[in-house]
Amino acid sequence: GEAVAAGVPIVASRIAGLGELLSHGRTALLHDEGSISGLRDCLTDILESPELASRLAVNARNELEPLLNMSAVATRYGAWYRQHGERLSP
């Protein structure tokens, strides 16, 4: 969430969970986990293309900020617990 809040492009490895949140080329540049060359390529692409960096940052903010807003997260959790909470009670 820090990159989104700071308005900078996201570069991340493809690990469990991020694939559902980030879209390569749209909201972030993704590389294979542990791939130094993949990380290098992503960073080079961003450094060589300010337009790409700006587009990634804007898209990430527009698409991800609503998901990361703590008030919205709390509202979604509350709705989930209201819907499913009875099943969780002992």
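- The two atoms that bring Leu39 and Val11 nearest to each other are CD1-CG1, 3.7 Å, heavy atoms only.
- The hydrophobic cluster containing Val4 also contains Leu30, counting ILVMFWY residues as joined when their side-chain heavy atoms lie under 4.5 angstrom apart, directly or transitively.
- The distance from the CZ atom of Arg14 to the OG atom of Ser35 is 9.0 Å, given to the nearest 0.5 Å.
- Val58 and Val8 fall into different hydrophobic clusters, where Ile, Leu, Val, Met, Phe, Trp and Tyr residues are linked whenever their side-chain heavy atoms come under 4.5 Å apart, directly or through other members.
- Under the 4.5 angstrom side-chain criterion for Ile, Leu, Val, Met, Phe, Trp and Tyr, Leu47 has no cluster partners at all.
- No donor-acceptor distance shorter than 3.5 angstrom exists from the side chain of Arg55 to the backbone of Glu51, with no hydrogens or angles considered.
- In this structure, Thr44 contributes its side chain and Arg40 its backbone to a donor-acceptor pair below 3.5 Å.
- Of all heavy-atom pairs spanning Ala57 and Pro9, the tightest one is CB-N, 3.9 Å.
- Smallest separation of non-hydrogen atoms from Glu33 and Ser13: CA-CB, 3.8 Å.
- Rounded to the nearest 0.5 angstrom, Ser54 OG and Asn59 CG are separated by 9.0 Å.
- The shortest side-chain heavy-atom distance between Thr27 and Asn62 does not fall under the 4.5 Å cut-off.
- For the pair Ile10 and Leu56, the minimum side-chain heavy-atom distance is 4.5 Å or more.
- To the nearest 0.5 angstrom, Leu22 atom CG is 11.5 Å from His24 atom NE2.
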